[in-house]
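What you see is a predicted model; the values in this text were computed from it and never measured. Here is the naming used below: chain letters follow the sequence lines, and residue numbers restart at 1 for every chain.
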Number of protein chains: 2
Amino acid sequence: MHEDAPAEHFCILIQGSAKLYKLLPDGRRQIVGFGYAGSFLGVSAPEYYAFSAEAIEPIRMCRPSRRGLLRLLSDSDAMRQRLFEVAVNKLVLAQEHMVLLGRKTMIERMASFLLFQAKRPQPRGVLPPRIHLPMSRGDIADYLGVTLESVCRSLAKLAKCGVIALPNVHEVIILDLSRLETLAHGASRECVS
Amino acid sequence: MHEDAPAEHFCILIQGSAKLYKLLPDGRRQIVGFGYAGSFLGVSAPEYYAFSAEAIEPIRMCRPSRRGLLRLLSDSDAMRQRLFEVAVNKLVLAQEHMVLLGRKTMIERMASFLLFQAKRPQPRGVLPPRIHLPMSRGDIADYLGVTLESVCRSLAKLAKCGVIALPNVHEVIILDLSRLETLAHGASRECVS
DNA sequence: CGTACGGTTGAGTCCAATCAAGCAGCGTGG
DNA sequence: CCACGCTGCTTGATTGGACTCAACCGTACG
């Protein structure tokens, strides 16, 4: 799915995960969100896609044609209702993301990101305090509006002071949830070293 | 209108302008958008307001109760349709804003902001290449995710190299639109000094 | 005339970016 | 099986752009 391409299909993710992003002419990238099983992609597509999307893991999806979707919408009140809810929900998330990008420090961004991921239902086999992150460090960086190196450093810092553990590259264990929450909302800019 | 307060009213701006923002516990503020005559406020309010809103100039507005709105929605197909379009449009703007906050430099942010304002229909008496900015420097700063001082400096820089003129604090004249566009999209990080 | 407030400008600091080197996992092929 | 190279991740050193702190300006208003 490519930004500015005509929006011929709607898309519902059944399995796997994807990244949704926008590019600047010189290649700088901002990931505006991730899609997971159950996510609706292409809601913000009146005529042309507003962003590009790419799979992170192998995915399965349902991709009705735009015409088919419109027919579905005109038939079903419930479907219309649901789609509106999805759009509103995305809007609320986007506003939260703007605060993160505009006003939070590196550590606050990382803490917020981890908390957000922790609140999502994890794939089977991954238990609560453990988070599975399918995306690369570079993807996380472009989501948080920082560099890949800064992502590494902030993760290392959080690990060093015992807030999280990093058993392997794609997994995080939250050791001290309340501290992570304090850091995320940045109440007091407290020391993490 | 206050973040996290129960969303009892919907709100449509008739005249004037407002800022929509979210606060962090320590007072840092991110303006997530501005509202102008015709704007729908409170779309992203399923139960509680997702953000705070405050008038910039004296305003007139239509503020139906939540119940009244719901009745209106169940009656009118066109109204439902319109509200969905508004939400989708806000979502697209939010994604654009995320790119600005996460990936653009100071000058690019200011150029993008000015262009966005330039594309809005201006209040009567203000002709095309001239933009009226009702908000304060601090408001612009919180919209762009920078400090008030950086806003001043970037405006001064753009003025010094002849891209814009600043007849007074609340007005900007665009002298070189194409250069402003180049700067906004940051194709080449070209020099502005 | 004096104060207050928003805006502008300057000097110095700091956090994250950049540049650079090194490491770990892993599939490939000798 | 292991050396090889590739890719993605980590860590260190240095730089730089925006922030912070501070002084100053100008307009509005009592």
Side-chain angles (χ1 to χ4, degrees), chain A residues 19 24 26-30 54 56-57 100-113 132-161 164-172 183 186 189-193, chain B residues 19 24 26-30 54 56-57 100-113 132-161 164-172 183 186 189-193:
Chain A
K19 52 195 174 195
L24 287 175
D26 65 356
R28 276 174 288 171
R29 183 178 67 154
Q30 177 63 46
E54 209 171 291
I56 293 172
E57 312 167 281
L100 183 150
L101 293 171
R103 286 300 178 212
K104 292 193 180 179
T105 65
M106 186 58 246
I107 287 286
E108 287 163 5
R109 290 177 201 219
M110 182 52 73
S112 304
F113 172 69
H132 178 71
L133 303 173
M135 66 293 280
S136 73
R137 297 294 193 248
D139 289 341
I140 299 177
D142 285 348
Y143 179 79
L144 299 180
V146 297
T147 59
L148 162 167
E149 293 94 325
S150 293
V151 169
C152 283
R153 279 187 244 276
S154 57
L155 279 173
K157 207 176 216 174
L158 288 174
K160 200 169 67 177
C161 66
I164 61 171
L166 300 165
N168 67 66
V169 211
H170 286 291
E171 230 132 311
V172 177
L183 288 171
R189 284 184 191 256
E190 74 190 49
C191 185
V192 215
S193 57
Chain B
K19 50 194 174 195
L24 288 175
D26 66 355
R28 277 174 286 171
R29 184 178 67 156
Q30 177 63 47
E54 210 170 291
I56 292 172
E57 312 166 281
L100 183 151
L101 293 171
R103 287 297 178 216
K104 292 195 178 177
T105 65
M106 185 59 246
I107 287 286
E108 286 163 8
R109 291 178 199 217
M110 182 52 75
S112 304
F113 172 70
H132 178 70
L133 303 173
M135 68 292 281
S136 73
R137 296 296 192 246
D139 290 340
I140 298 176
D142 286 346
Y143 179 80
L144 299 180
V146 297
T147 57
L148 162 167
E149 292 94 326
S150 293
V151 169
C152 283
R153 279 186 244 276
S154 57
L155 279 172
K157 206 176 217 174
L158 288 174
K160 199 169 68 178
C161 66
I164 60 170
L166 299 165
N168 67 66
V169 211
H170 287 289
E171 232 133 309
V172 177
L183 288 171
R189 285 183 189 258
E190 72 190 51
C191 184
V192 214
S193 58

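Between A:N168 atom CG and D:dG8 atom P the separation is 17 Å, expressed in whole Å. Between B:R103 atom CZ and D:dA18 atom P the separation is 14 Å, expressed in whole Å. For the pair B:D26 CG and D:dT20 P, the computed distance is 11 Å after rounding to whole Å. Taking atom CG on B:L144 and atom P on D:dG17, their separation rounds to 19 Å, with Å as the unit. Nucleotide C:dA17 holds its P atom 11 Å from the CG atom of A:D142, rounded to whole Å. One interatomic measurement links the two molecules: CZ of A:R28 to C1' of C:dA16, which rounds to 16 Å at whole-angstrom precision. Between the P atom of D:dG8 and the CG atom of A:D139 lies a distance of 10 Å, rounded to the nearest Å.
Evaluation of the side-chain hydrogen bond (donor to acceptor under 3.5 Å, both in side chains) rule for B:R29 yields B:D139, B:D142 as partners, not counting sequence neighbours. Scanning for side-chain contact (heavy atoms from CB on, under 4.5 Å) contacts around B:A156 gives an empty result, with sequence neighbours left out. A search for side-chain hydrogen bond (donor to acceptor under 3.5 Å, both in side chains) contacts involving B:E54 returns B:Y21, not counting sequence neighbours. Partners of B:H132 according to the side-chain contact (heavy atoms from CB on, under 4.5 Å) rule, which considers only residues two or more places apart in sequence or in another chain, are B:E57, B:Q122, B:P123, B:V126, B:P134, B:H170, B:E171.
A:L24 is listed as a side-chain neighbour of B:K104, based on a closest heavy-atom distance under 4.5 Å. Within the 4.5 Å cutoff, the side chain of B:E108 has no heavy atoms near those of the B:L100 side chain. You'll find the side chain of A:R137 reaches within 4.5 Å of the side chain of A:V169, heavy atoms only.
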Q) Which letters describe nucleotides 6-15 of chain C, given B = protein heavy atom under 4.0 Å from base, S = only from sugar-phosphate, - = neither? A) -SBBBB----
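Rotation axes derived from the C1' atoms of the five outermost pairs at either end of the helix from C:dC1-D:dG30 to C:dG30-D:dC1 lie 20° apart, to the nearest 10°.
Rounding to the nearest 0.5 Å gives a distance of 8.5 Å between CG of A:L144 and OG of A:S112.
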